[in-house]
J.: 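My questions all concern the structure below.
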Amino acid sequence: MTQKSLMKKFDVVVVGGGPAGGQCARILAKSGRKVLLIERFKDFTKNSFSSAGTPLETLEKFDLPQRVVGSFWNQLVIVTSNKRGVWKSEKTLGSVLDFTKLREFLAEDVTTHGGEVWMGCRYVSHRTEHDQTVVTIKNNLVGEKILVSTKVLVDATGPNRSLILQKGDLQPKFTTGTGVEYLIEVDEQSYRKNAEALTFFLGHKWIPKGYSWIFPMERNQLKVGAGIVNGEHRVVKETEPLKHYIELIIHDYIKPEFYKITDVHGATVKYSMGLNDVYSRDNLIAIGDTVSTINFLGGEGIRHAMLSSEIACRHIQEYLDNQRNDFDDYQKEMHQTFLAKWKVSEKLGMKKYLEDADSLVDKVVSYLEPMKLEDIIDVLFYYKFEKVSKGFLSYLLRKVRSFFKPSKKA
């Protein structure tokens with residue numbers, strides 16, 4: 001038999017086993033499509049690079065089980081150079097997803113519904129033959145190349161954009177951000193102080209050009225990370241390596257009796273301002289961070305990557321059912337979903353991370369003080385920026401009242 005006669009055929013091949021790729025393959029497998037999901041690492045504990053603080057509705061919206069959760073939270077803490085604000089709720093408002101377990105679950109669900117998952121496999125190239133696309137895949141575990149054919153090819157390789165942007169292609173202009181995160185094991189008391197809360201650090205003391213964070217995971221484990229926009233700051237001209245800011249949080253804020261670093265991971269994201277990405281080409285469609293779904297202001301990406309998969313899957317289903325000939329409308333729907341709020345986030349993010357003086361950053365907590373945690377969540381996770389103006393108005397009213405309040409004589 002010839003190699004071609006042995007070639008496996010699929011309706012869809014998804015390259016990249018992150019949240020976007022896993023969710024896309026999962027949806028299509030559930031709908032009865034013949035799906036192949038390929039992941040370049042041999043297991044999902046490798047490249048577990050993402051933090052995942054998310055609203056509670058994420059679990060229900062994407063039908064995720066509780067076993068993918070590292071912890072739940074009902075508090076928000078914001079620490080700036082000179083201020084600290086704490087907001088609490090009586091009810092659970094969100095979770096911190098375990099990135100490894102999330103990807104494992106999505107891949108398992110693909111196979112449960114009849115799809116295939118090939119671990120340790122890397123995309124090499126693809127070419128069109130008649131109405132099929134032939135994909136060359138290298139199995140890194142055994143060192144051999146495999147050919148498969150597919151009707152639709154999905155690029156879920158994230159910032160690498162390995163499929164949608166080929167060598168020699170004209171590329172969009174990208175703004176980049178880099179993040180590093182430690183997973184640390186701490187003593188019981190240090191863990192309890194930081195459990196049930198998302199803690200964010202802003203300001204030049206903690207980290208210029210970005211923000212840092214503490215996210216609680218399983219018992220006695222904390223994620224401590226720092227991320228920056230790669231650009232020149234208007235005020236701060238010299239910065240330290242990201243490792244410096246992470247260790248600053250550990251030693252000056254957490255102050256554990258003891259701690260042990262159990263994992264260090266990091267990544268660089270490439271973001272297209274104005275979402276001027278390449279969304280599709282012929283029967284190739286891009287999802288997740290391949291098309292700048294990460295929010296530039298907050299840096300949150302998992303929810304939005306999975307949402308992009310759901311949007312893409314509708315277009316893929318119609319394409320497979322011969323209801324459409326291309327994916328041109330996919331970009332339009334993605335822009336309708338993200339563009340307006342992402343443009344506002346871009347402007348606020350560039351100002352916050354590369355322009356603001358420390359005194360302005362300190363005032364963030366003062367602006368937010370009168371707001372309920374639920375309202376702040378609406379700003380941070382749902383980009384309802386109009387609620388910030390309400391908080392700012394309350395802040396100004398307090399200042400005016402204190403100015404006209406008669407002073408007490410000794």
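Reckoned from all heavy atoms, side chains included, excluding hydrogens, waters and symmetry mates. Just so it is clear, the structure is predicted and the values come from calculations on it, not from any experiment.
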J.: Taking the six-membered ring for Trp, are F327 and Y319 ring centroids under 6.0 Å apart?
T.: yes
J.: When you look at I287 and Y330, which way does the side-chain contact (heavy atoms from CB on, under 4.5 Å) test go after all the steps?
T.: CA-CA 10 Å; I287 61 176; Y330 168 61; 3.6 Å; yes
J.: Would you call E318-R324 a salt bridge at under 4.0 Å N-O?
T.: yes
J.: Is R303 positioned over the aromatic face of Y382, cation under 6.0 angstrom from the ring centre and no more than 45 degrees off axis?
T.: yes
J.: Judged by atom type as modelled, is there a donor-acceptor pair below 3.5 Å linking the side chain of T293 to the main-chain atoms of G288?
T.: yes
J.: Determine the sole option in K151, R33, K34 for which the salt bridge (Lys or Arg N to Asp or Glu O under 4.0 Å) test with D11 is passed.
T.: K151
J.: Going by side-chain contact (heavy atoms from CB on, under 4.5 Å), L297 matches just one of W342, Y211, Y353, Y383. Which one?
T.: Y353
J.: Charged N to carboxylate O below 4.0 Å: is that the case for D375 and K384?
T.: no
J.: Please report the shortest heavy-atom distance between S212 and Y245, naming the atom on each side.
T.: OG-CB, 4.4 Å
J.: Are F201 and Y253 an aromatic pair, judged by ring center distance below 6.0 Å?
T.: yes
J.: So does E240 pair up with K205, basic N to acidic O under 4.0 Å?
T.: no
J.: Would you mind checking if R192 and E188 are paired as a salt bridge, meaning a charged N to carboxylate O distance below 4.0 Å?
T.: yes
J.: Is a side-chain donor or acceptor of E346 paired with a backbone partner of G274 at a separation under 3.5 angstrom?
T.: yes
J.: Verify the neighbour count for atom CZ of R219: are there more than 12 heavy atoms of other residues, nucleotides or ligands below 6.0 Å?
T.: no
J.: Does Y259 have its ring centroid less than 6.0 Å away from the ring centroid of H251?
T.: yes
